[in-house]
Amino acid sequence: MNKIILFFVIFFVLIGFNVPRLSACTVWGASGQKVSIKGTIIAKNRYNLPNLFTSPRLLVPQTGFKVFALYDTEAEGYVVGGINEKGLAALNSSAYSVSKDKRHVATEDLTERILTTFASVDAVFLDLDVFAKSHPALYMIADSSKIATIEVAPGGKIAAKMINDGTAAFTNHYTNAGLLWANEYVSEGSRARLKHIQRYLTSSKRPYTMDDFILKSTDRTGGPDYALWRTGSTPEKVRTLASIVISIPASGFPKI
């Protein structure tokens, strides 16, 4: 049964102006006892230049699972996050700590492939070699029982972690100890956003709700360029183009 179409609430914002190119994201999630639904909740704030756009779409492939996703219209329709009809969600973030010539080597939309191919986090972990084909990037995947992070460094080097009861977050640089060598340069903004969201994920004495994550996604603490919700200190600066929050309960239908 298609879980996406039966019940979803979309929360996103699209904005536009004119300028050069750069992109970034903040991704975070919680699972198990850390969330009120005893399932998982994951979220992503997507940043890019104000003349670019993010488009929500329903993908119905000839083979594979149906997917509700946000697409990057600049990158020829690449998926930046979504959930499939089996209840597997995936969010991604660019590894901007890696030089551009090493980063722009993608030959396919791996996030779309994950969502149209796999039904669970466990199924993905049985085929982690698929990430060796990814460009340098960071991924968060989730189903109703767990979340996982997969960091992909140049050369297809992978670091993966599964979380059944806990929290996770990343911005635009590697944090796994085994991949720190791949960080050529870590921006002040990426460090600031990661520190902010990690502090948030360890500060609550009660389980998180979807509304908590939605509210957090609008947080402007840190100013126009370093906050989770970025407005840009000038009309030419990167700002928040979209926010997506996905809640996958242990029983019942997911919400987007």
Side-chain angles (χ1 to χ4, degrees), residues 1-12 26-46 56-61 63-70 79-92 111-128 130 138-150 160-170 197-198 200-218 242-256:
M1 184 176 292
N2 192 319
K3 294 183 177 181
I4 303 171
I5 299 177
L6 286 174
F7 191 18
F8 65 81
V9 178
I10 304 171
F11 176 82
F12 61 88
T26 302
V27 178
W28 68 99
S31 64
Q33 298 298 314
K34 296 294 185 179
V35 294
S36 61
I37 56 173
K38 302 300 184 290
T40 62
I41 306 174
I42 62 174
K44 168 177 173 168
N45 273 18
R46 168 171 164 70
R57 304 179 192 173
L58 181 64
L59 172 66
V60 184
T63 59
F65 304 127
K66 300 180 185 69
V67 177
F68 176 82
L70 291 183
V79 173
V80 299
I83 183 171
N84 68 21
E85 62 181 297
K86 295 297 184 179
L88 177 71
L91 304 174
N92 59 42
T111 305
E112 181 175 312
R113 180 177 175 184
I114 291 167
L115 291 171
T116 57
T117 305
F118 298 101
S120 67
V121 172
D122 287 339
V124 174
F125 266 62
L126 289 174
D127 194 13
L128 278 177
V130 70
L138 302 98
Y139 299 86
M140 181 175 290
I141 58 175
D143 56 26
S144 62
S145 64
K146 58 180 71 73
I147 60 176
T149 59
I150 301 99
K161 182 179 181 180
M162 195 180 294
I163 302 158
N164 296 80
D165 190 358
T167 63
F170 53 77
I197 196 62
Q198 287 178 331
Y200 169 73
L201 290 173
T202 58
S203 64
S204 180
K205 295 181 180 180
R206 62 174 179 79
Y208 294 99
T209 67
M210 187 180 192
D211 286 342
D212 290 334
F213 274 28
I214 291 174
L215 180 62
K216 191 61 184 176
S217 73
T218 67
S243 180
I244 180 168
V245 180
I246 301 174
S247 170
I248 314 173
S251 61
F253 301 116
K255 296 181 182 179
I256 305 171

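The basis for the numbers below is simple: all heavy atoms, side chains too, and nothing from hydrogens, waters or symmetry mates. Counting from 1, the numbers follow the sequence of the chain as shown. Note that the structure is predicted; figures quoted are calculated from it, not measured.
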Taking all non-hydrogen atoms of both residues, which atom of [X] and which atom of [Y] are closest, and how far apart?
X	Y	answer
E85	G64	OE2-O, 4.5 Å
I163	S31	O-OG, 3.2 Å
I147	A142	CG2-CB, 3.5 Å
F213	A30	CZ-CB, 4.1 Å
I248	G87	CD1-O, 3.5 Å
A89	I246	CB-CD1, 3.9 Å

I'd like a table of donor-acceptor pairs (distance under 3.5 Å, sequence neighbours excluded) in which one partner is a side-chain atom from residues 115-126, with atom names and distances.
| unit_1 | atom_1 | unit_2 | atom_2 | d |
| --- | --- | --- | --- | --- |
| T116 | OG1 | E112 | O | 2.9 |
| T116 | OG1 | R113 | O | 3.3 |
| T117 | OG1 | R113 | O | 2.6 |
| S120 | OG | A123 | N | 3.1 |
| D122 | OD1 | K146 | NZ | 3.4 |
| D122 | OD2 | K146 | NZ | 3.4 |

Can you measure from [atom1] ([X]) to [atom2] ([Y]) and round to the nearest 0.5 angstrom?
X	Y	atom1	atom2	result
K255	I83	NZ	CD1	12.5 Å
S243	K44	OG	NZ	10.5 Å
I197	T26	CD1	OG1	7.0 Å
I41	T209	CD1	OG1	6.0 Å
I114	I150	CD1	CD1	6.5 Å

Is there a side-chain contact between [X] and [Y] in this structure, where contact means two heavy atoms from C-beta onward sitting under 4.5 Å apart?
X	Y	result
L138	T149	no
M210	I37	no
V80	I244	no

Kindly write out the residues that satisfy salt bridge (Lys or Arg N to Asp or Glu O under 4.0 Å) with K34, not counting sequence neighbours, or none if the list is empty.
-> none
All side-chain contact (heavy atoms from CB on, under 4.5 Å) counterparts of K38, not counting sequence neighbours | Q33
Sub-3.5 Å donor-acceptor pair from the side chain of T40 to the main-chain atoms of D143, do we have one?
-> yes
Please test Y200 against D212 for side chain to side chain contact (heavy atoms under 4.5 Å, CB included), starting from the C-alpha separation and ending with a verdict.
-> CA-CA 11 Å; Y200 169 73; D212 290 334; 3.5 Å; yes
Go through the steps to decide whether R57 and V79 satisfy the test side chain to side chain contact (heavy atoms under 4.5 Å, CB included), and finish with yes or no.
-> CA-CA 10 Å; R57 304 179 192 173; V79 173; over 6 Å; no
Yes or no on side chain to side chain contact (heavy atoms under 4.5 Å, CB included) for N45 and W28, after CA distance, side-chain angles and deciding distance?
-> CA-CA 9 Å; N45 273 18; W28 68 99; 3.9 Å; yes
